[in-house]
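Below: one structure, written as structure tokens.
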Amino acid sequence: MPEADTGKVEKSFYTDVPQQSELFFLKGSNSYDWGMKNRLARIFDATSGKTVMLAFDHGYFQGPTTGLERPDITILPLAPYADALMLTRGILRSVIPPSLNRATVLRASGGPSILKELSNEHIAMDMDDAVRLNACAVATQVFIGGEFETQSVINLTRLIDMGNRVGMPVLGVTAVGKELVRDTKYIRLATRMCAELGAAFVKTYFVPDFETVTAACPVPIVIAGGKKLPELDALQMAYEAINQGAAGVDMGRNIFQSEAPVAMIRAVRKVVHENMRPEQAYEMFLDLKQQRA
Ligand code: R5P
């Protein structure tokens with residue numbers, strides 16, 4: 001028998017307490033629908049407002065990259081320390097156990113290999129499949145100033161339209177062609193374009209005066225790690241990026257090509273989520289490396 005509704009006297013209606021409506025914690029994201037926000041909240045930590053994404057999608061155009069020859073062996077031990085994994089659907093299905101329960105950002109563009117013109121990319125995944133795989137976001141590259149600039153921008157906007165239908169955030173990645181200078185003015189242009197065109201967050205490279213890049217971009221920016229650097233330098237770059245407005249890192253080679261990848265991702269987490277100074281995080285890295293953590 002259902003309980004009879006006996007009226008106001010016996011119930012707690014808290015008539016004097018207004019219902020709270022929280023502002024969503026991520027920059028520029030308050031107007032999204034619930035599903036989009038929920039996906040973003042699985043990528044970004046609601047307490048720190050930041051994310052440590054582990055990028056290992058490099059194989060989609062360059063095959064078995066150094067450190068990614070066997071992602072089952074080299075990446076799986078790192079996965080528990082990442083807030084989100086950035087990868088291809090092929091590696092997700094073939095290597096990542098569904099029980100791992102990490103947020104995923106799926107590479108959704110592709111086409112040319114390193115043997116061809118890289119800007120000639122197309123959308124390379126249906127949104128249905130991203131939903132089927134329970135992705136938290138999908139990513140595509142824009143090649144501003146590149147040979148196929150317009151095509152890559154249209155890939156982004158088409159993916160955003162597809163994503164908006166199902167509540168899937170799109171990560172706009174600013175790629176740099178061989179002939180283009182990766183300076184602050186260029187990065188400001190490319191990141192702002194991604195945001196204006198509707199990307200929910202943007203991935204780019206760390207450059208001087210980075211605070212002008214983050215200030216001019218109305219949605220969160222995460223930085224790519226780029227080529228392998230000495231660990232202290234990579235931690236320093238992460239620290240400076242965070243303190244100049246980045247919402248996290250999407251780091252690959254500086255983690256999985258480190259001499260001690262687990263120690264490195266744990267040190268990166270301290271910098272990103274706790275604003276630990278790079279020198280202290282490096283000490284932690286050395287201690288963990290010695291313990292073979
Ligand atoms: C490159 O195209 C891939 O999308 C990577 O996700 C990206 O470059 C970040 O990786 P890394 O930190 O190694 O630069």
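For ligands, and for the atoms within them, numbers begin at 1 and follow the listed sequence.
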Within the side chain of Asp45, is there an N or O that forms a donor-acceptor pair under 3.5 Å with the backbone of Thr47?
-> yes

Provide, to 0.1 Å, the distance between atom 12 (O) of ligand 1 and the closest protein heavy atom, together with that atom's residue and name.
-> Gly252 N, 2.8 Å

Say whether Gly226, considering both its backbone and side-chain N or O atoms, lies within less than 3.5 Å of an N or O atom on ligand 1.
-> yes

With a cut-off of 4.0 Å, which atoms of ligand 1 are near a heavy atom of Ala55?
-> 6 (O), 9 (C), 10 (O)

Identify whether Ile221 and Val207 are in the same connected component of the hydrophobic contact network (ILVMFWY, side-chain heavy atoms under 4.5 Å).
-> yes

Near His58, which atoms of ligand 1 are under 4.0 Å from a heavy atom of that residue?
-> 5 (C), 10 (O), 11 (P), 13 (O)

Counting each atom of ligand 1 from 1 as listed, which ones have a heavy atom of Asp250 under 4.0 Å away?
-> 9 (C), 12 (O)

Lys227: heavy atom below 4.0 Å from ligand 1, yes or no?
-> no

Are Arg158 and Asp161 within salt-bridge range, i.e. N to O under 4.0 Å?
-> no

Any side-chain donor paired with an acceptor under 3.5 Å for Ser258 and Glu231?
-> yes

Gln257 side chain to Thr66 backbone, donor-acceptor under 3.5 Å | yes

Going by the atom numbers of ligand 1, which of them fall below 4.0 Å from some non-hydrogen atom of Arg253?
-> 11 (P), 12 (O), 13 (O), 14 (O)

Numbered atoms and elements of ligand 1 in range of Asp57, under 4.0 angstrom, heavy atoms = 3 (C), 4 (O), 5 (C), 6 (O)

Any salt bridge between Arg277 and Glu274, counting N to O under 4.0 Å?
-> no

Who's the nearest protein heavy-atom neighbour of atom 7 (C) of ligand 1, and how far?
-> Lys203 NZ, 3.0 Å

Of the side chain and backbone of Phe61, name the one, both, or neither that has a heavy atom under 4.0 Å from an atom of ligand 1.
-> side chain

Under 6.0 Å between ring centres, would you say that holds for Phe201 and Phe44?
-> yes

For Met251, the atoms of ligand 1 under 4.0 Å from one of its heavy atoms are 12 (O)

Backbone or side-chain N or O of Tyr60 under 3.5 Å from ligand 1 N or O | no

What orientation do Phe210 and Phe206 show, parallel under 30°, tilted 30 to 60°, or perpendicular over 60°?
-> tilted

Taken to the nearest 0.5 Å, the spacing of Thr184 OG1 from Leu189 CG works out to 12.5 Å

Counting each atom of ligand 1 from 1 as listed, which ones have a heavy atom of Gln141 under 4.0 Å away?
-> 2 (O)

Report yes if some N/O of Ala224 lies less than 3.5 Å from some N/O of ligand 1; otherwise report no.
-> no

